[in-house]
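Beneath this line is the structure, given in structure tokens, with notes to follow.
In this chain, numbering begins with 1 at the start of the sequence shown. Because only heavy atoms are used, hydrogens play no part in the values below, and waters and symmetry mates are left out as well, while side chains stay in.
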Amino acid sequence: GIVAHVNKITPYNPTEYMIVDSATRKNLELFERMSDKGSDGTLYWVLDKTVSSMGGRLLKRWILEPLLNIEKIKERQEGVEELLKDYILRSEIREMLSELSDFERISGKIGCKSVNARDLIALKNSLKEIPKIKKALKDISAKILADVTEGLNEIKPVIELIENNIEENPPLSLKEGNLIKDGVNEELGSLRNISRGGKEWIAKFQEDERKRTGIGS
């Protein structure tokens with residue numbers, strides 16, 4: 001199949017991670033109980049305090065790919081320790097993250113050209129949260145958190161593009177219309193005027209034609 005939405009491939013080095021095969025995953029009950037396939041009491045169930053879909057997926061990856069590099073393990077521990085000690089900052093960050101839309105899912109839909117207008121509005125509103133997150137983490141010292149903060153980018157051109165073109169409360173289906181704001185496209189505006197004020201448009205058209213042709217009826 002065509003994978004045009006994939007524009008970057010990052011090397012994966014299995015020597016950096018402990019291999020957790022399906023049998024090990026099952027026996028350790030990382031994600032489901034052996035007895036009834038339930039999730040209560042599993043390692044993921046115990047650890048999962050995430051407030052976003054993206055966070056949940058990242059935690060699953062971390063559980064499936066335990067680090068072997070001691071320095072990287074320490075970096076994670078330092079990040080956890082710093083947030084564990086600062087309850088107020090941790091609460092603020094959790095609240096901000098809970099407001100974010102699923103960037104990964106929306107990015108995939110954009111790449112596959114299956115995104116809808118509501119996804120774009122959710123993306124725009126989430127991008128607006130990034131400066132708040134960066135501000136909250138500006139004095140953080142743990143390297144792993146500092147690196148994440150440094151890499152955050154609100155992508156202002158994308159915000160402006162969506163804000164200037166897409167209705168704030170668009171319908172879910174693209175086929176329903178009313179996705180693009182008034183004033184964005186002259187032809188669209190003209191067609192909308194016709195559809196919204198058909199009788200008035202016809203009356204004006206008749207008057208214009210009378211004047212143009214000199215025919216009164």
Exercise. Does the side chain of E16 come within less than 4.5 Å of N69's, by heavy atoms?
Worked result: no

Problem set entry | Connected via hydrophobic side-chain network under 4.5 Å: L59 and L43 | yes

Exercise. Taking only residues two or more places apart in sequence or in another chain, which ones pass salt bridge (charged side-chain N to carboxylate O under 4.0 Å, His left out) with E71?
Worked result: none

Exercise. So, does R118 use its side chain to make a donor-acceptor pair with the main chain of P170 at under 3.5 Å?
Worked result: yes

Problem set entry | Inter-residue atom distance N178.CG - I166.CD1, 0.5 Å rounding | 12.0 Å

Exercise. Should F31 and L47 be counted in the same cluster of Ile, Leu, Val, Met, Phe, Trp and Tyr side chains packed under 4.5 Å apart?
Worked result: yes

For this session: Enter the distance from S101:OG to I121:CD1 here, rounded to the nearest 0.5 Å.
Result: 11.0 Å

Exercise. Below 4.0 angstrom, N of the basic side chain to O of the carboxylate: do K85 and E81 qualify?
Worked result: yes

Exercise. With no hydrogens and no angle check, is any side-chain donor or acceptor of T24 less than 3.5 Å from a backbone partner on V20?
Worked result: no

For this session: Go through the steps for E75 and K72 under the test salt bridge (Lys or Arg N to Asp or Glu O under 4.0 Å), then give the verdict.
Result: CA-CA 5 Å; E75 282 182 12; K72 289 186 177 180; over 6 Å; no

For this session: Report, as yes or no, whether the 6.0 Å neighbourhood of atom CD on E95 holds more than 12 heavy atoms from other residues, nucleotides or ligands.
Result: no

For this session: Could you check if a side-chain atom of W45 sits within less than 4.5 angstrom of a side-chain atom of D40, using non-hydrogen atoms only?
Result: yes

Exercise. Linking I/L/V/M/F/W/Y whenever their side-chain heavy atoms sit closer than 4.5 Å, directly or via other members, would V158 and I130 fall into one cluster?
Worked result: yes

Seminar exercise, completed: d(E92 CD, L83 CG) to nearest 0.5 Å is 11.5 Å

Exercise. L120 and I162: which non-hydrogen atoms are nearest, and at how many Å?
Worked result: O-CD1, 3.4 Å

Problem set entry | Min side-chain heavy-atom separation F103-S126 under 4.5 Å | yes

Can you list, pair by pair, the side-chain donor-acceptor contacts under 3.5 Å of residues 137-144, counting residues two or more places apart and other chains?
unit_1	atom_1	unit_2	atom_2	d
S141	OG	E82	OE1	3.1
S141	OG	E82	OE2	3.2
K143	NZ	D147	OD2	2.7

Exercise. What distance do I106 atom CD1 and D119 atom CG have between them, rounded to the nearest 0.5 Å?
Worked result: 5.0 Å

Exercise. Side chain to side chain donor-acceptor pair (under 3.5 Å): which pairs involve residues 149-160, sequence neighbours left out?
Worked result: none

Problem set entry | Closest approach of V184 to I180 (non-hydrogen atoms, all atoms of both residues) | CB-CG2, 3.7 Å

Seminar exercise, completed: Closest heavy-atom pair, M34 versus N27, reported as atoms and distance to 0.1 Å, is CE-OD1, 3.6 Å

Problem set entry | N-O pairing of K204 and E207 below 4.0 Å | no

Problem set entry | L58 reachable from V148 in the ILVMFWY side-chain graph, under 4.5 Å edges | no

For this session: With side chain to side chain contact (heavy atoms under 4.5 Å, CB included) as the test, would you mind laying out the steps for E187 and L191 before giving the verdict?
Result: CA-CA 6 Å; E187 183 182 1; L191 293 172; 4.3 Å; yes

Problem set entry | Expected output: side-chain K134 to main-chain L152 donor-acceptor under 3.5 Å | yes

Exercise. Is any side-chain heavy atom of L30 closer than 4.5 Å to a side-chain heavy atom of T42?
Worked result: no

For this session: State plainly whether one hydrophobic cluster holds both L161 and L188, where clusters connect Ile, Leu, Val, Met, Phe, Trp and Tyr through side-chain heavy atoms under 4.5 angstrom apart.
Result: no

Exercise. Do the side chain of E129 and the main chain of L97 share a donor and acceptor less than 3.5 angstrom apart?
Worked result: no

Exercise. Which residues pass the salt bridge (charged side-chain N to carboxylate O under 4.0 Å, His left out) test with K37, sequence neighbours left out?
Worked result: E32

Problem set entry | Close side-chain approach of M96 to L100, heavy-atom, < 4.5 Å | no

Exercise. Which distance, rounded to the nearest 0.5 Å, do you find between the CD1 of I110 and the CZ of R105?
Worked result: 10.5 Å

Exercise. Does Y17 reach the side chain of L68, with side-chain heavy atoms less than 4.5 Å apart?
Worked result: no

Problem set entry | Any pair counted as side chain to side chain donor-acceptor pair (under 3.5 Å), so long as it reaches residues 49-68, sequence neighbours left out | D48-T50, R57-D102, R57-E104

Seminar exercise, completed: In this structure, CD1 of I88 is separated from CD1 of I93 (nearest 0.5 Å) by 12.5 Å

Exercise. Can you pull the side chain to side chain donor-acceptor pair (under 3.5 Å) pairs that have at least one residue in residues 161-173, sequence neighbours excluded?
Worked result: K124-E168, K128-E163

